[in-house]
Amino acid sequence: MEKSRGVLIAGNWKMNQNLAETESFFKALSARCEQLRFSKKLRVCLFPPVLSLFRAKETVDQNPGLGPIALGAQNAHWEKKGAFTGEVSGPMLHEIGIEWVLVGHSERRQFFGETDETVRKRAESLLTQGFHVILCVGETQSERESGKTYEVLSRQIHEGFPSVSEELLSRLIFAYEPVWAIGTGLTATPVQAEEVHEQIRKLLEHRTNHSFAQKTPILYGGSVTPENIDSLLDCAHVDGALVGGASLKVDSFTALIQAGIKVLN
Ligand code: PGA
């Protein structure tokens, strides 16, 4: 299938995998990756918790088989240093060779008071510092049931959108993650996902311009598994997946990568 924006398979480990589990995951993944045929159009990135991220980076650097695997942090502050207990900064991530960051995940919005404004500040600062940023948006079940999906996405995109140059925006990726589908086993159907991805692309076009909207990847997230990923990736506006649970096991994560390879062939 023609995927002009390529495909990105991203794994969000959330607060899972200690140091030993991280090391054994990446060693096993290295052996699997050696058997796979990666193309330039396929990007793969894993987001371990910040402590495990350091061990992951060491393991990736020591195993040539892991060359195609990028690593990212699940969050980072907009300031470069200072009195921000519990946060991690862009320069700290750069120091260990990390180039990707997730911002605005619904769990950060829901449990840690993240707002569209703080999402925008993080995205702006991190893009300016040279990171690839995946900005997550998505409606809750009650918002969907009351017909507010478009309104919520429109607010999240307009208020969370980073005001930086178009050049920096080329490292911005969106992830549509309906909150009702995260960790619930309830995946959006390909029709539902495609409909919302198209709406997001229109919102991006209003916010910027046609060419930016056409070039920006939009990932789907929410109970993606090796069983349902093919039908999601078959949607023209779905440019990859942001996966929680199924990214924790080498077998299932490898199967997700294989689905990315397959759809590009
Ligand atoms: P899930 O999580 O795949 O376990 O539903 C997705 C996410 O929260 O990014």
Side-chain angles (χ1 to χ4, degrees), residues 1 3 5 7-10 12 14 74-75 102-124 133-163 169 172-225 227-246:
M1 186 185 191
K3 291 290 223 191
R5 292 169 289 268
V7 169
L8 171 58
I9 304 294
N12 172 14
K14 311 191 179 185
Q74 296 169 14
N75 186 31
L102 284 184
V103 302
H105 189 279
S106 69
E107 284 150 19
R108 301 241 23 112
R109 295 176 189 259
Q110 206 178 338
F111 305 127
F112 302 102
E114 193 81 68
T115 63
D116 293 324
E117 192 197 351
T118 56
V119 168
R120 179 183 54 72
K121 286 168 87 165
R122 290 182 202 274
E124 269 171 17
V133 171
I134 302 182
L135 195 161
C136 307
V137 295
E139 81 288 2
T140 63
Q141 179 143 24
S142 65
E143 288 163 344
R144 175 164 279 257
E145 282 165 1
S146 52
K148 292 203 174 122
T149 300
Y150 183 77
E151 191 185 308
V152 169
L153 291 168
S154 167
R155 192 205 68 227
Q156 289 176 338
I157 287 172
H158 280 93
E159 293 180 16
F161 196 89
S163 295
L169 287 178
L172 179 63
I173 291 162
F174 280 85
Y176 168 56
E177 296 206 305
V179 179
W180 49 271
I182 295 179
T184 57
L186 290 172
T187 321
T189 63
V191 172
Q192 284 172 324
E194 181 70 344
E195 186 190 11
V196 176
H197 280 229
E198 243 186 294
Q199 287 175 344
I200 292 176
R201 216 173 284 292
K202 289 213 179 88
L203 287 166
L204 293 178
E205 185 169 339
H206 289 147
R207 186 69 179 70
T208 56
N209 57 58
H210 179 76
S211 117
F212 171 80
Q214 290 307 312
K215 279 191 290 210
T216 301
I218 306 172
L219 314 181
Y220 169 78
S223 299
V224 175
T225 63
E227 289 71 40
N228 61 27
I229 191 167
D230 291 338
S231 58
L232 290 160
L233 290 181
D234 274 342
C235 301
H237 289 279
V238 175
D239 306 308
L242 177 56
V243 188

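A 4.5 Å side-chain heavy-atom check between P162 and L169 finds at least one atom pair inside the cut-off. Under the 4.5 Å side-chain criterion, counting only non-hydrogen atoms from C-beta, L233 is not in contact with Y220. Contact check for E143 versus E151: no side-chain heavy atoms found under the 4.5 Å cut-off. E107 places a side-chain heavy atom less than 4.5 Å from the side chain of I182. By the 4.5 Å heavy-atom criterion applied to side chains, P190 and D234 are not counted as neighbours. Here the side chains of Q192 and R144 are in contact, with some heavy-atom distance below 4.5 Å.
Listed for the T140 side chain is no donor-acceptor partner under 3.5 Å among the backbone atoms of V179. Side chain of H237 to main chain of H197: no donor-acceptor pair is present (N/O by atom type, distance under 3.5 Å, no hydrogens or angles). Q74 places no side-chain N or O within donor-acceptor distance of the main-chain N or O of N12, the cut-off being under 3.5 Å. Judged by distance alone, with hydrogens and angles left aside, the side-chain atoms of E177 form no donor-acceptor pair with the main-chain N or O of G138 at under 3.5 Å. Proximity of a side-chain donor or acceptor of R109 to a complementary backbone N or O of C136 within less than 3.5 Å is detected. Looking at E114, its side chain never comes within 3.5 Å of a backbone N or O of G104 through a donor-acceptor pair. One N or O on the side chain of K3 and one on the backbone of V238 form a donor-acceptor pair closer than 3.5 Å. With hydrogens and angles ignored, the 3.5 Å screen pairs a side-chain donor or acceptor of D239 with a backbone N or O of I218. A donor-acceptor pair under 3.5 Å is absent between the side-chain atoms of E139 and the main chain of L153, judged by distance alone. Side-chain atoms of S146 come within 3.5 Å of backbone N or O of S142 as a donor-acceptor pair.
Rounding to the nearest 0.5 angstrom, the gap separating the CG atom in L203 from the CD1 atom in I200 is 7.5 Å. Rounded to the nearest 0.5 angstrom, R120 CZ and L135 CG are separated by 11.5 Å. Note that CG of L186 is 7.0 Å distant from CD of Q141, once rounded to the nearest 0.5 Å.
Closest heavy-atom contact between L232 and A193: CD2-CB, 4.0 Å. Between A175 and L242, the shortest heavy-atom contact is CB-CD2, 3.9 Å. Heavy atoms only, all atoms of each residue included: A213 and T208 are closest at N-OG1, 4.4 Å.
Between the side chains of Q110 and S106, no donor-acceptor pair of N or O atoms lies under 3.5 Å.
Across R122, R155, K121, a single residue satisfies salt bridge (charged side-chain N to carboxylate O under 4.0 Å, His left out) together with D116, and that is R155.
Residues satisfying the salt bridge (charged side-chain N to carboxylate O under 4.0 Å, His left out) test with R207, not counting sequence neighbours, are none. For F174, there are no ring pair (Phe, Tyr, Trp, His ring centres under 6.0 Å) partners two or more places apart in sequence or in a different chain.
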